[in-house]
Protein chains: 2
Amino acid sequence: MSFADTFKALGDPVRREILTLLKGGRLSAGEIGSHFDMTGATISYHLNILKKADLVHESREKNFIYYELNTSVVEEIMLWLRDLKGEK
Amino acid sequence: MSFADTFKALGDPVRREILTLLKGGRLSAGEIGSHFDMTGATISYHLNILKKADLVHESREKNFIYYELNTSVVEEIMLWLRDLKGEK
DNA sequence: CTGGTATTTAGAAAATAATCTAAATAGATC
DNA sequence: GATCTATTTAGATTATTTTCTAAATACCAG
């Protein structure tokens with residue numbers, strides 16, 4: 001989706017923690033959920049927001065759905081911040 | 001306040017636009033408000049969030065309250081993003 | 001095809017955030 | 001002090017987000 005959606009997706013601490021977890025490699029929805037004291041449905045909700053923001057990609061395999069980090073859109077955010085700081 | 005508050009403050013488009021306006025130099029609350037189709041009270045609410053996130057500083061002068069950009073905390077955000085991208 | 005595990009979707013409830021109107025504060029000017 | 005302008009604060013309302021429970025889907029194993 002859009003730049004604004006990416007920024008908003010990053011604004012939530014649960015979602016940032018999910019992204020941090022994914023730095024170690026792809027994880028299934030269940031593995032991600034087991035790190036949080038929340039229902040799977042809630043985790044699924046957050047994963048969907050991250051997916052719409054293009055911050056993660058999913059790949060289905062067997063019975064599982066694996067999520068992995070996609071940082072391509074992070075560059076845009078960093079550019080905005082750098083510009084805010086007045087750097088060239 | 002905290003890193004999380006800074007991230008959240010940046011998640012809102014109105015607040016990002018305020019920060020962008022302030023790139024051009026300090027502005028009074030009224031000057032900021034005139035760029036938006038919102039009441040002064042709402043602008044004040046957003047300014048307060050930016051202030052708590054340490055993204056702006058205020059200075060009182062005469063009858064006015066001027067706001068100016070403070071990007072010192074932006075560096076932290078950028079470090080987090082850079083780390084997410086797996087850069088050193 | 002039946003049963004089991006993994007995950008999502010739907011819908012409702014709870015929590016948080018954004019917005020407004022009206023009143024309050026602060027300082028400047030008369 | 002009275003009044004005007006600039007801004008914030010209080011309180012209520014509306015909108016959005018997060019979360020849950022229950023049901024649905026999907027896929028695998030027997």
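Reminder, nothing fancy here: chain letters follow the sequence lines and each chain counts from 1.
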**Student:** With a 4.0 Å limit, can you tell me whether A:S44 has a side-chain N or O closer than that to the phosphate oxygens OP1/OP2 of C:dT8?
**Tutor:** yes
**Student:** Atom CZ of B:F7 to atom P of D:dT17: distance rounded to whole Å?
**Tutor:** 17 Å
**Student:** Once you round it to whole Å, what is the distance between P of C:dT9 and CD of A:E58?
**Tutor:** 9 Å
**Student:** Return no unless some side-chain N or O of B:Y45 is found under 4.0 Å from OP1 or OP2 of C:dT16.
**Tutor:** no
**Student:** So, is B:R60 close to the D:dA6 phosphate, meaning a side-chain N or O under 4.0 Å from OP1 or OP2?
**Tutor:** no
**Student:** Between B:H46 and C:dT19, is there a contact of a side-chain N or O with OP1 or OP2 at under 4.0 Å?
**Tutor:** yes
**Student:** What does A:A41 touch in the nucleic acid at a heavy-atom separation under 4.0 angstrom: a base, only the sugar-phosphate, or nothing?
**Tutor:** base
**Student:** Establish, with yes or no, whether the OP1 or OP2 oxygen of C:dA17 is under 4.0 angstrom from a side-chain nitrogen or oxygen of B:K8.
**Tutor:** yes
**Student:** If I take atom CE in residue B:M38 and atom P in nucleotide D:dT8, what distance separates them, rounded to the nearest angstrom?
**Tutor:** 15 Å
**Student:** If you pin A:R15 and A:G40 to their nearest nucleotides in DNA chain D, which one's is more 5'?
**Tutor:** A:R15
**Student:** Closer than 3.5 angstrom, by distance alone: can the side chain of B:T71 be matched with the main-chain N or O of B:V74 as a donor-acceptor pair?
**Tutor:** no
**Student:** Classify the ring geometry of A:F3 against A:W80: parallel below 30°, tilted from 30° to 60°, perpendicular beyond 60°.
**Tutor:** tilted
**Student:** Can you see if the side chain of B:T42 gets near the phosphate of C:dA18 - specifically, an N or O under 4.0 Å from OP1 or OP2?
**Tutor:** no
**Student:** Can you measure B:I43 atom CD1 to D:dT8 atom P for me and round it to whole angstrom units?
**Tutor:** 10 Å
**Student:** Give me the one residue out of B:I18, B:L22, B:T20 that meets side chain to side chain contact (heavy atoms under 4.5 Å, CB included) with B:L69.
**Tutor:** B:L22
**Student:** Quick check on side-chain hydrogen bond (donor to acceptor under 3.5 Å, both in side chains): which of B:E61, B:E58, B:E31 does B:R26 satisfy it with?
**Tutor:** B:E61
**Student:** Does a side-chain N or O from A:S28 land closer than 4.0 Å to OP1 or OP2 of C:dA6, or not?
**Tutor:** no
**Student:** Hey, does B:G30 reach any base, or is it just sugar-phosphate, or nothing, if we go heavy atoms under 4.0 Å?
**Tutor:** sugar-phosphate
